[in-house]
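Read the structure below first, then the notes.
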Amino acid sequence: MKPGSFKPLQFLVFMIAMTCFVEQSKAKFCSNSLISTLVQLIPCKPSLSPFSPMPPSLLCCHALKTLGQPCLCAVLDAPPVSGIDYNVAMLLPQKCALNFHPCF
């Protein structure tokens with residue numbers, strides 16, 4: 001690439017990435033990527049179902065505690081993921097007896 005050449009698509013991708021970092025840092029910082037956080041929350045999947053969610057397992061509560069509030073809030077602030085009821089997800093810390101502050 002020649003110095004000084006302008007690539008609109010690269011600029012747009014850069015601006016979107018920077019916006020994500022700024023929005024994430026407004027609340028509190030989650031050091032995990034969104035994908036990594038979702039993978040760590042796999043044990044909670046039965047508890048996040050929109051239809052008949054199960055109580056969170058000990059494994060789910062441990063994963064949630066390990067991730068912490070900033071990462072849970074980052075997931076809840078991200079675009080919707082199929083199969084996850086976000087209203088139920090906001091109740092997980094309470095069901096796991098974790099003292100997290102509300103995300104919103």
Side-chain angles (χ1 to χ4, degrees):
M1 180 165 67
K2 295 179 183 177
S5 64
F6 179 73
K7 302 280 186 175
L9 183 59
Q10 290 174 343
F11 179 75
L12 180 63
V13 170
F14 172 76
M15 290 307 293
I16 290 171
M18 292 307 296
T19 302
C20 290
F21 287 124
V22 169
E23 287 299 317
Q24 194 176 32
S25 67
K26 277 184 186 176
K28 289 181 182 167
F29 184 70
C30 174
S31 60
N32 298 350
S33 70
L34 181 60
I35 303 270
S36 172
T37 300
L38 288 171
V39 167
Q40 286 183 274
L41 286 175
I42 287 174
C44 297
K45 178 75 171 129
S47 303
L48 299 172
S49 168
F51 308 104
S52 306
M54 297 175 60
S57 65
L58 290 176
L59 206 56
C60 170
C61 292
H62 178 71
L64 197 59
K65 183 179 180 180
T66 301
L67 284 172
Q69 178 193 11
C71 291
L72 177 64
C73 292
V75 168
L76 296 175
D77 198 31
V81 176
S82 177
I84 294 178
D85 185 331
Y86 282 58
N87 293 321
V88 173
M90 286 193 282
L91 299 175
L92 275 182
Q94 179 183 358
K95 289 180 179 180
C96 289
L98 299 172
N99 193 19
F100 288 178
H101 296 287
C103 296
F104 311 110

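- Between the OG1 atom of Thr37 and the CG atom of Leu72 there is a distance of 9.5 Å, given to the nearest 0.5 Å.
- How far CG of Leu58 is from NZ of Lys65: 11.5 Å, rounded to the nearest 0.5 Å.
- The CG atom of Leu67 sits 9.5 Å away from atom NE2 of His62, with the distance rounded to the nearest 0.5 Å.
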Show me the donor-acceptor pairs, under 3.5 Å and distance only, between side chains in residues 87-95 and residues at least two apart or in other chains.
none

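- Note: Ile42 CD1 to Leu48 CG = 11.5 Å, rounded to the nearest 0.5 Å.
- When hydrophobic clusters are built by joining Ile, Leu, Val, Met, Phe, Trp and Tyr residues whose side-chain heavy atoms come closer than 4.5 Å, directly or via intermediates, Leu98 is grouped together with Leu76.
- Disulfide check for Cys71/Cys30 passes, with the SG atoms closer than 2.5 Å.
- Transitive grouping of hydrophobic side chains (ILVMFWY, heavy atoms separated by less than 4.5 Å) brings Leu64 and Val81 into a common cluster.
- Separating the CG atom in Asp77 from the SG atom in Cys103 is a distance of 8.5 Å, to the nearest 0.5 Å.
- Gln40 is linked by a side-chain hydrogen bond (donor to acceptor under 3.5 Å, both in side chains) to Asn32, counting only residues two or more places apart in sequence or in another chain.
- When every heavy atom of Pro50 is checked against every heavy atom of Asp85, the shortest pair comes out as CA-CB, 3.7 Å.
- In this structure, cysteines Cys61 and Cys96 have SG atoms closer than 2.5 angstrom.
- Residues in residues 42-53 take part in no side-chain hydrogen bond (donor to acceptor under 3.5 Å, both in side chains) pair, two or more places apart or across chains.
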